[in-house]
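Every chain is numbered from 1 and lettered A, B, ... according to where its sequence line falls, protein lines coming before strand lines.
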Protein chains: 2
Amino acid sequence: MTAGTRPRRHDPERRDRIIDACLDVVATRGVEGTTQRRVAAAADVPLGSMTYHFAGREELLREAFGRFARQAAAQFDRRMAEAPDREAALRAVVRLIMQDVFATQRDLVLSHELYTLAARDPAFRDLTNDWMRRSRDALGRHFDPATCRVLDAFVEGMTIHRALDTEPADGVDVLDAVRRLAGTVSSRPSA
Amino acid sequence: MTAGTRPRRHDPERRDRIIDACLDVVATRGVEGTTQRRVAAAADVPLGSMTYHFAGREELLREAFGRFARQAAAQFDRRMAEAPDREAALRAVVRLIMQDVFATQRDLVLSHELYTLAARDPAFRDLTNDWMRRSRDALGRHFDPATCRVLDAFVEGMTIHRALDTEPADGVDVLDAVRRLAGTVSSRPSA
DNA sequence: GAGGCATGCGTACAAACGTACACAACCCCG
DNA sequence: CGGGGTTGTGTACGTTTGTACGCATGCCTC
């Protein structure tokens, strides 16, 4: 060892820092480019810590994405809980799509990477199912189950498209769309 | 060479077969697990063919996903062109979500992998932008631009959620949702 | 204060990767 | 029918990966 910081006995914060570093690496290099060495470097821990704290690469990824999904779900639920009525909830949803959580490329990339893993690996699908259920439960504070479903899906797709799209979306159109989906405004055939 | 089949001069079908095999490998092992060796094995061509036909791994992936996106867009456009009116178009959209193109896990996985790449790499984002534009143009045969946008996004999200979800969605609810989004039915506050 | 044990790390290793490159097979032109 | 250029392939190389494992470090007990 080149000295510097001495290893402290039983440092539980170490494990957390590795998980956070893992999410950072995934966000910038993708799951494909997320090697244990890069995560170790990002967390500023020696390579040996990887095998010590995690059984393997997959366990590390599972824990990292688990934390990510739980945080995202909790944030969404908080927003829904804060909304006093349906209209406020819909506005919060639009705000979410247009600027908030996923505005940073980081969270968008992370969610895509998670979906990609979930599409093939049941262990990760458990995480996305949990996330989806929590999202719908949060919407369930204001809407009936069927509406929760379509609203949740719309948020999903709109977020993705907004992030990929070059020309910016119109928030008014989005608000109008979620109102129609929620059935809180009568829709007219547009010109 | 162990003999068997002799190398035929200028076999253009060879390149196509590699691209198809690449999509197969991506669908089963993900982009991360898509190595040139595995693609070569799947296409039943020698490893050397990889470097001969493609400048590198990334070019191979770009061409493969390009083909995938174009095919998917073309299929969607065909369905929209076949629809005689708005109602038929909406029904076609619902059919698409509920069973058709993405019913096979394969296409879903492929589109996720593509989105994941696009979220980080501009070269792949060009592919998704093109796909999105074609989808909207196809919808544009029946709907105004703002509606195309929200419908397209809804299809996106609903497809993803339906594929990940354990409990099956209700096609009637989905049809109702797209009708509301398209403004072709007056929505009532549901019970 | 010395032995022992839990904690954490440096290093080594086999496997797998992308890619380069020399060379074989084949056809065309004279 | 033979040289030359095009087309396609076998193989070897340097790098990077995940993971295992022996060893250093520091606390606790007696």
Side-chain angles (χ1 to χ4, degrees), chain A residues 1-26 28-65 113 117 120-121 123-124, chain B residues 1-26 28-65 113 117 120-121 123-124:
Chain A
M1 188 188 306
T2 58
T5 55
R6 282 297 143 91
R8 267 184 281 282
R9 194 175 171 81
H10 198 60
D11 182 358
E13 180 223 355
R14 179 69 52 108
R15 198 166 189 279
D16 280 0
R17 207 167 70 226
I18 294 175
I19 291 179
D20 283 340
C22 179
L23 287 176
D24 282 342
V25 174
V26 171
T28 54
R29 322 271 295 208
V31 167
E32 180 175 3
T34 300
T35 68
Q36 309 211 56
R37 281 162 223 267
R38 268 204 264 266
V39 174
D44 196 35
V45 298
L47 175 62
S49 288
M50 294 293 124
T51 48
Y52 179 71
H53 286 290
F54 301 91
R57 198 182 90 111
E58 187 184 305
E59 182 180 308
L60 170 62
L61 286 172
R62 234 182 305 127
E63 296 227 16
F65 278 112
E113 295 280 356
L117 291 176
R120 196 174 28 259
D121 188 333
F124 289 95
Chain B
M1 187 187 304
T2 57
T5 55
R6 280 297 143 86
R8 266 185 283 279
R9 195 173 170 84
H10 197 60
D11 183 359
E13 180 223 355
R14 180 70 52 107
R15 198 166 190 278
D16 281 0
R17 208 167 69 226
I18 294 176
I19 291 179
D20 284 339
C22 179
L23 287 175
D24 282 341
V25 174
V26 171
T28 54
R29 321 273 294 212
V31 168
E32 180 175 5
T34 301
T35 67
Q36 310 210 57
R37 282 163 221 268
R38 268 204 263 266
V39 174
D44 195 36
V45 299
L47 176 61
S49 288
M50 293 294 123
T51 48
Y52 179 70
H53 286 290
F54 302 92
R57 199 182 89 111
E58 189 184 304
E59 182 180 308
L60 170 61
L61 286 172
R62 232 182 306 125
E63 296 228 16
F65 278 112
E113 296 280 355
L117 291 175
R120 199 173 26 259
D121 188 334
F124 289 96

**Request:** Using a 4.5 Å cut-off on heavy atoms from C-beta on, say whether the side chain of A/R120 contacts that of B/E113.
**Result:** yes
**Asked** In whole angstrom, what separates B/R29's CZ from C/dA16's P?
**Response** 11 Å
**Complete:** Whole-Å distance, B/F54 CZ to D/dG8 P, equals 12 Å
**Asked** What closest approach, in Å, do A/C22 and A/T34 show between heavy atoms, and which atom pair accounts for it?
**Response** SG-CG2, 4.3 Å
Would you list the protein and nucleotides 22-24 of chain D atom pairs, both N or O, that sit under 3.5 Å from each other?
none

**Prompt:** In chain order, what residues pass the side chain to side chain contact (heavy atoms under 4.5 Å, CB included) check against B/E59, with sequence neighbours excluded?
**Reply:** B/R15, B/F54, B/A55, B/R62, B/E63
**Message:** My understanding is that only residues two or more places apart in sequence, or in another chain, count here; which of them pass side chain to side chain contact (heavy atoms under 4.5 Å, CB included) with A/A41?
**Reply:** none
**Asked** How many Å lie between CD on B/E32 and C1' on C/dC17, as a whole number?
**Response** 13 Å
**Fill in**
Rounded to the nearest 0.5 Å, the CZ atom of A/F65 sits from the CD1 atom of A/I19 at a distance of 12.5 Å
**Spacing of B/Y52 atom OH relative to C/dA22 atom P, expressed in whole Å** = 17 Å
**Short side-chain N/O contact from A/S49 to OP1 or OP2 of C/dG8, under 4.0 Å** = no
**Asked** In Å and rounded to the nearest 0.5 Å, what is the CZ to CG distance from B/R17 to B/D24?
**Response** 12.0 Å
**Item:** Gap between atoms NE2 and C1', on B/H53 and C/dG18 respectively (whole Å)
**Value:** 17 Å
**Item:** Min side-chain heavy-atom separation A/M50-A/V45 under 4.5 Å
**Value:** yes
**Request:** Take nucleotides 12-20 of chain D nucleotide by nucleotide from the 5' end and write B, S or -, depending on whether a protein heavy atom sits under 4.0 Å from the base, only from the sugar-phosphate, or from neither.
**Result:** -----BBBB
**Message:** My understanding is that only residues two or more places apart in sequence, or in another chain, count here; which of them pass side chain to side chain contact (heavy atoms under 4.5 Å, CB included) with B/D16?
**Reply:** B/R67
**Message:** Taking 4.0 Å as the cut-off, does a side-chain nitrogen or oxygen of B/R14 come that near to OP1 or OP2 on D/dT9?
**Reply:** yes
**Fill in**
So salt bridge (Lys or Arg N to Asp or Glu O under 4.0 Å) across residues 30-55 of chain B, not counting sequence neighbours, yields A/R57-B/E32
**Request:** Using whole Å, report how far CG of B/D44 lies from P of D/dG10.
**Result:** 11 Å
